[in-house]
Each structure stands twice: as structure tokens, then as C-alpha cells.
Amino acid sequence: MGYLKQLRPILAAALFSAAAVVQAQVSMMLPANPGGGWDSTVRQAMQAMNEAGIYTGTVSFTNRGGAGGTIGLAEFQRQKGKADALAVFGAITVGSISMNKSPIDLTQFKPIARLTAEHIVLAVKADSPYQNLGDFVRALKENPGAMPVGGGSAGGVDHIALALLAQKGDVPVSALNYIPQAGGADTVTGIVNGTLKGGLSGISEFQQFAESGRIRILAVTSAQRMKGHDGIPTFKESGFDVEIANWRGVLGSIDMPDENYRQWVDRFTKLSESKAWHAVMERQGWEPYFLAGDDFGAFIKSESERINGILRDAGLVK
């Protein structure tokens, strides 16, 4: 009996320790290939959270790339019973769900936080006759088919930005000559060699080519002129009320308990205010675009309605 008495506190401590480890396990679904924007955003966010002492437990990451994030998110949607299961997604996901006829319903997940964004710029060749966005839209209106414009995947944020611009410029969205490119560098090549009259991409992909004099950036889709890019007017300033961003955010699983959900909203809110995260964003050139909880949920709903409306106007979805 004396031996058992001595053993009980040791067993109790071991069980408590094991429970703590289980509680600390977080699973993060990354519905993209390693090294991409979603992958780096969330890995660095969790690292910054650790450095700031906000969450110091373990995190297991799973990469499932393909179809604009819908393959990984479909797997995430099927997962059950994990109290701390999270997933990253972004603006491209909204259109990809419709384009791929995916069964994913974003409203079923728990909206944790919108983290970062990159706004879209429209660029032309350095010696292009289009001196401003108004010039470009007038040419687009005159003959949309003769104005090939390049950007990311069909139905993606670049395509949506062009469609919104067309709407504001009284250009039929279905008449646009949009040509998807493999990446920002390919879009620049098309602009420079003349196969594209213009191109859209995140400012980080175009900036170096603008600085070297290969292309000229006409406008950006942000609400105000961007810090460090004061010379680039916004679409709104140029007379076209368009604002859109390639944002990235985090979702909680469908069956995440309310207590865990509130805890993760609080953790990401603290992260958004931390020096560690601000240092990461500055280093990466990411724009802070924070929104959490129910406000983020309302944003997802409105953004889904807006983007799907544009895709229908473009004839990309029915």
C-alpha cells in the first residue's frame, strides 16, 4: 500500500501532463503547396504568436494544394472531433468554389480572422499610349476584344478586379479578353512584348519591373494610396469606384467548440497587435488587413455574394 501511495502522485502528474499535451495540439490545414503565400502567411503567423507568448503549444501543418484551395478545404470540411482545427484560405477561394463546383460552404466554418492583404495593380508597357486608368478604360470600352489583359487564374482576384473595373466603365464583362498567366513574371513578359495591352497582379510582383522601367503602373485597388507607393493613384481616384484585395485569413472547423472559437479569435486579435507580427508583415511586405470573429464572417458573406455576381456576369459560372 505504501508503494501505491507513492505512485499515485506520479501517475496523476503523468496523466495531467499527457492531457496538457493533447490540449496543446493544433492542426492547421494549408490548402496549397509548400512555400506559397498561404503557406508562409500562416506558418509565420503561428511562429510570431509563439514568439509573443500568445500561443506556445505545438502545431501540425498539412499541405493539400490544388484547385484554388478547394481540395484541402473539402478535406478540412469533412474533419470532425478536433477542438483546435484551423485552416487558411483567401480571396481566391471564393471564386474557386464556384468555378470548381465544390461542395464547400464557407458559412459553415468558424470565421476566426482575416490577417493580411495585397492590393492589385494594373500596369501597361512603359511606352504605352495609355497614360492613366481613364485612357485604358476608354480603349477597353471602344473595343474590348482588341485589349487582351493578363493576370492570374480565371475567376481569381486579378480577373475579378478587371471585371469590376469594366462594370464601372460601362464595359460588358462578358466581352473582356482576359488571358490567365502562369505568374506575375509571365504577365510582365506579355506586357513588354505586346501580346498583352495590360496586366494585373499584386504590387509586390510588379514593383521591381516598374522600377527598372519595363512597365508603368497606372493604379491600385486599395482604398487610399499605399504607404511607400504614394505615386500610384487608386482606382477610385481615377474615377472608378473599385476596391478589392487578395486577402488571406483563418477559419475554424465546423464543429469547433464555442470556447475554443472565442479563444482563437482572441489569440489572433492579440497577434494583430503584437510587435512580432508587425515585424513579419514589414519584412514580407504584407499589408495589415485585420478583421475577426462575426465581423469577418459578415465580410466573407458579402465578398462571396460580390465575387459570385461578377463571375456570373463574366459567364464563368451559372
Side-chain angles (χ1 to χ4, degrees), residues 30-44 63-73 88-97 99-100 115-126 128 136 147-165 176-222 226 229 232 235 244-249 281 283-287 289 307 310-311 314 316:
L30 303 171
N33 295 324
W38 289 354
D39 184 87
S40 60
T41 297
V42 171
R43 286 181 189 270
Q44 293 194 60
N63 287 91
R64 291 279 189 277
T70 57
I71 293 174
L73 279 182
V88 64
F89 78 125
I92 190 174
T93 310
V94 177
S96 294
I97 289 170
M99 296 280 289
N100 292 288
L115 297 177
T116 65
E118 184 170 29
H119 286 91
I120 310 304
V121 293
L122 174 64
V124 295
K125 195 174 180 180
S128 167
F136 190 87
M147 292 286 288
V149 181
S153 60
V157 183
D158 299 339
H159 196 175
I160 296 296
L162 180 65
L164 288 170
L165 178 64
L176 292 172
N177 185 4
Y178 183 79
I179 305 175
Q181 307 293 303
D186 295 286
T187 305
V188 170
T189 299
I191 294 170
V192 172
N193 67 24
T195 58
L196 299 174
K197 294 294 185 181
L200 297 122
S201 189
I203 192 165
S204 64
E205 290 198 86
F206 275 4
Q207 185 62 28
Q208 60 177 314
F209 300 106
E211 289 173 351
S212 66
R214 298 183 69 192
I215 61 174
R216 186 170 70 252
I217 295 174
L218 297 183
V220 61
T221 62
S222 53
M226 294 174 58
H229 304 285
I232 303 174
F235 278 46
I244 191 168
N246 186 11
W247 50 267
R248 295 165 185 157
M281 288 192 291
R283 186 169 65 246
Q284 296 293 330
W286 295 336
E287 300 169 51
Y289 203 55
I307 288 176
I310 287 291
L311 294 176
L316 293 172

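Scanning all heavy atoms of the two residues, the minimum distance from Gly190 to Asn193 falls at O-OD1, 2.9 Å. Closest approach of Ser96 to Gly68, counting heavy atoms only: OG-CA, 3.4 Å. Looking at every heavy atom in both residues, Gly37 comes nearest to Ser40 through O-OG, 3.2 Å. The nearest pair of heavy atoms linking Gln44 to Trp286 is NE2-CH2, 4.0 Å. The shortest heavy-atom contact between Ser153 and Pro180 is CA-CB, 4.2 Å.
Using a 4.5 Å cut-off on side-chain heavy atoms (C-beta onward), His229 and Val220 make no contact. When side chains are defined from C-beta on, Tyr178 does not count as touching Leu316, because their heavy atoms never get closer than 4.5 Å. For the pair Ile97 and Leu73, the minimum side-chain heavy-atom distance is 4.5 Å or more. Annotation: side chain of Phe235 is not in contact with side chain of Ile244 (no heavy-atom distance under 4.5 Å). In this structure, the side chains of His159 and Ile310 stay at 4.5 Å or more apart for every pair of heavy atoms. Two residues are said to be in side-chain contact when any heavy atoms from C-beta on lie closer than 4.5 Å; Val88 and Pro31 meet this criterion.
Without hydrogens or angle criteria, Asn63 side chain to Ala32 main chain gives a donor-acceptor distance under 3.5 Å. Side chain of Thr221 to backbone of Ile120: a donor-acceptor contact under 3.5 angstrom is found. Panel note: side chain Asp186, backbone Gln181; no donor-acceptor pair is recorded below 3.5 Å. Side-chain atoms of Lys125 never come within 3.5 Å of backbone atoms of Ile215 as a donor-acceptor pair (strictly under, hydrogens ignored). A donor-acceptor pair under 3.5 Å is formed between the side chain of Thr187 and the backbone N or O of Gly183. Remark: the backbone N or O of Ser128 is paired with a side-chain donor or acceptor of Arg216 at under 3.5 angstrom.
A side-chain donor from one of Glu118 and Ser204 sits under 3.5 Å from a side-chain acceptor of the other.
Considering CG of Leu196 and CD1 of Ile191, their distance stands at 6.5 Å, rounded to 0.5 Å. With rounding to the nearest 0.5 angstrom, the CD1 atom of Ile232 is 4.0 Å from the CD1 atom of Ile217. Note: Glu287 CD to Asn246 CG = 10.0 Å, rounded to the nearest 0.5 Å. Within the model, atoms CG of Leu218 and CG of Leu200 stand 10.0 Å from one another, a figure rounded to the nearest 0.5 Å. Residue Phe209 holds its CZ atom at 9.5 Å from OG of Ser201, rounded to the nearest 0.5 Å. Remark: Met281 CE to Leu115 CG distance equals 8.5 Å, nearest 0.5 Å.
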For this session: Quick one: do Arg43 and Leu30 satisfy side-chain contact (heavy atoms from CB on, under 4.5 Å)? Show the steps, please.
Result: CA-CA 9 Å; Arg43 286 181 189 270; Leu30 303 171; 3.8 Å; yes
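Between Tyr289 and His119, the ring-plane angle classifies as perpendicular under the 30° and 60° cut-offs.
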